[in-house]
Amino acid sequence: MEGLRNVRREVLSNGLTILTEEMPHIRSVSIGIWIKTGSRHEVPELNGISHFIEHMVFKGTRNRNAEQIAREVDSVGGNMDAFTAKECICFDVKVLDEHLPTALDILSDLVLNPVFDPAELTRERGVIIEEIKMDEDNPDYLVHEIFTQNFWKDHPLGKPILGTKETVKRFEQEILFEYYRRFFIPNNMIIAAAGNISHERLVELVTQKFAQMKAGQNGFKQEAPKISARINMRNKKALEQVQICIGVPSLPIGHDRRFVSYVLNTLLGGGMSSRLFQSVREKQGLAYAIYSELNPYRDTGCMCIYAGTSRENAPKVVQSVMGEFRKLKTEEVSAEELKRAKDQLKGSLMLSLESSTARMSNLARQELYFDRFYTMDEIIARVEAVTTADLMELAHEYFNTGSTAVTVLGNLNGLKISRDSLAC
């Protein structure tokens, strides 16, 4: 790690990694405890358990009940949050620098001393089932979920982070403890902090709380998922719009050519000047929302295009997307468009790192996926180095009729999308 950006790293003897970035010009500190496990590490019958545990730790520890947790965070004006993803769970809090000891005390209590009280469990099961129903009522979310489940079919990466109503109903105290003991171990944890903070002070505070934890073996090895490029038409009569997801395999998160992928995604559908937005929305008026996004993971990835349109216009939207795929494979991107995409990407990367929370997150994610820390200057140099030839080469790898997957959700009424309509 380099001193230039005040980033420091220390590993305790039990394997727990501590990362800090000092930002002396601000008054806040964000601190996060990251667990290197997520929904993709669950067996099918326990799908959703990581997310369930993330909820349950807030319901009480050996030292505090749910109300005390909330009250203590509020009493120092802090913001506390948590999320579960496919490959990690994170608990984080942002406070004024003087309240760091309190913040770490609460956070470590959640992570080290949950009780998973059976009465709270029953209540939380109801809450999460409502959360699942709420998501299923959201067509944009639902089409992505159906798409993902089909793209990585029969692999835990394709399963929903929240689990299903059936799996959530099964979670009992002992099942939670068993899972918790297996994955919440120090060599599976990163504690990252950014803001007005001293590295030595944080290490001292973390050591007090975590040094007595024993390293464990989670022994988790998983095959990379196979990708299945299916066409999936799902009828849902109540919907006014047809929701479309079109996806192709893309690079894993740590791949050396990831910067080419970022630029390609920005050009294609990352914002208002992108090709898809200009063509499908501005020139043809076929959709209000259309964008592309990258979903990279440790050993695989997906580039996904989303659009919401009318049933009549759905075939035209698919045709337009395929047309853009084809163009990226056959026509060189102009120097001016390439520069615009790079500038947009650099701008959004820099703006996304303005807060202490974003910096804390960036530290942890780099530790999760890379063998070293990349500074902003390095990242910008890598973006700048992308050439039109790089883009064309990657477009040839990504955009192929046989590996394009599509999910269409809505009142289909006979709408058909065939493999032929995916010619690119």
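Given the structure is predicted, the values throughout are model-derived calculations rather than measurements.
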| field | Pair listing, ring-ring contact (aromatic ring centres under 6.0 Å, His included) test, anchored in residues 64-87, at least two apart | value |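 Matches after skipping sequence neighbours: W34-F83.
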
| All side chain to side chain donor-acceptor pair (under 3.5 Å) counterparts of N150, not counting sequence neighbours |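 For N150 there are no side chain to side chain donor-acceptor pair (under 3.5 Å) partners, ignoring immediate neighbours.
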
So does [X] have more than 12 non-hydrogen atoms from other groups sitting under 6.0 Å from [atom1]?
X	atom1	answer
E240	CD	no
Q68	CD	yes
E67	CD	no
E312	CD	yes

Side chains of residues 103-112: which donor-acceptor pairs under 3.5 Å do they make with residues two or more places apart or in other chains?
from: D105; atom 1: OD1; to: K209; atom 2: NZ; distance (Å): 2.5
from: D105; atom 1: OD2; to: R64; atom 2: NH2; distance (Å): 2.6
from: S108; atom 1: OG; to: L104; atom 2: O; distance (Å): 2.7
from: S108; atom 1: OG; to: D105; atom 2: O; distance (Å): 3.2
from: D109; atom 1: OD1; to: T61; atom 2: OG1; distance (Å): 3.3
from: D109; atom 1: OD1; to: N63; atom 2: ND2; distance (Å): 2.8
from: D109; atom 1: OD1; to: N113; atom 2: ND2; distance (Å): 2.7
from: D109; atom 1: OD2; to: T61; atom 2: OG1; distance (Å): 2.7
from: D109; atom 1: OD2; to: R64; atom 2: NH1; distance (Å): 2.8

[X] side-chain N/O to [Y] backbone N/O, donor-acceptor pair under 3.5 Å:
X	Y	result
S403	F399	no
N65	G60	no
S250	C302	yes
N235	L412	yes
R326	A423	yes
R275	E324	no
E293	M303	no
S421	I417	no
K329	C424	yes
N47	E166	no

| task | Begin with the C-alpha distance, continue with both residues' side-chain angles, and end with the deciding distance and a verdict on salt bridge (charged side-chain N to carboxylate O under 4.0 Å, His left out) for E87 and R365. | result | CA-CA 10 Å; E87 297 183 327; R365 286 180 195 283; over 6 Å; no

All ring-ring contact (aromatic ring centres under 6.0 Å, His included) counterparts of [X], not counting sequence neighbours:
X	answer
Y398	none
Y306	H144, Y291
H155	none
Y180	F116, F184

| query | If you round to the nearest 0.5 Å, how far is CD1 of I191 from CD1 of I18? | reply |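 Between I18 CD1 and I191 CD1, I get 6.0 Å after rounding to 0.5 Å.
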
| field | Point-to-point distance, once rounded to the nearest 0.5 Å, from CD of E54 to SG of C88 | value |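 Spacing of CD (E54) from SG (C88) equals 10.5 Å.
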
Ion pair present between [X] and [Y], side-chain N to carboxylate O less than 4.0 angstrom?
X	Y	result
E42	K86	no
E124	K59	yes
R27	E98	yes
E378	R372	yes
D343	R340	no

Which atoms form the tightest heavy-atom contact between [X] and [Y], and what is the distance?
X	Y	result
S274	G269	OG-CA, 3.4 Å
D299	A224	OD2-CA, 3.4 Å
V143	C245	CG1-SG, 4.0 Å
P186	M213	CD-CE, 3.7 Å
Q278	S273	CG-O, 3.9 Å
L121	Q173	CD1-N, 3.4 Å

[X] and [Y]: side chain donor to acceptor below 3.5 Å:
X	Y	result
S310	Q241	no
E22	S198	no
H199	T20	yes

Contacts of type side chain to side chain contact (heavy atoms under 4.5 Å, CB included), residue [X], not counting sequence neighbours:
X	value
N413	R311, N411
K133	I129, E130, K165
V11	R9, T17

| salt bridge (Lys or Arg N to Asp or Glu O under 4.0 Å) involving K416 - partner list, sequence neighbours excluded |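 With neighbours one apart ignored, the set is empty.
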
| said: Going by the rule salt bridge (Lys or Arg N to Asp or Glu O under 4.0 Å), which residues pair with E145 if we only count those two or more places apart in sequence or in a different chain? | reply: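 Here no residue qualifies.
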
| message | Please determine whether salt bridge (charged side-chain N to carboxylate O under 4.0 Å, His left out) holds for the pair K169 and E45, giving the CA-CA distance in whole Å, both sets of side-chain angles, and the decisive distance to 0.1 Å. | response | CA-CA 11 Å; K169 283 180 184 143; E45 57 275 19; over 6 Å; no

| request: Could you give me the CA-CA distance, side-chain angles and deciding distance for R123 and D117, then say whether salt bridge (charged side-chain N to carboxylate O under 4.0 Å, His left out) is met? | output: CA-CA 10 Å; R123 268 198 293 273; D117 176 341; over 6 Å; no

| request: Specify whether F147 and F151 have parallel, tilted or perpendicular ring planes, treating 30° as the upper limit for parallel and 60° as the lower limit for perpendicular. | output: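 Answer is parallel, since the angle falls under 30°.
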
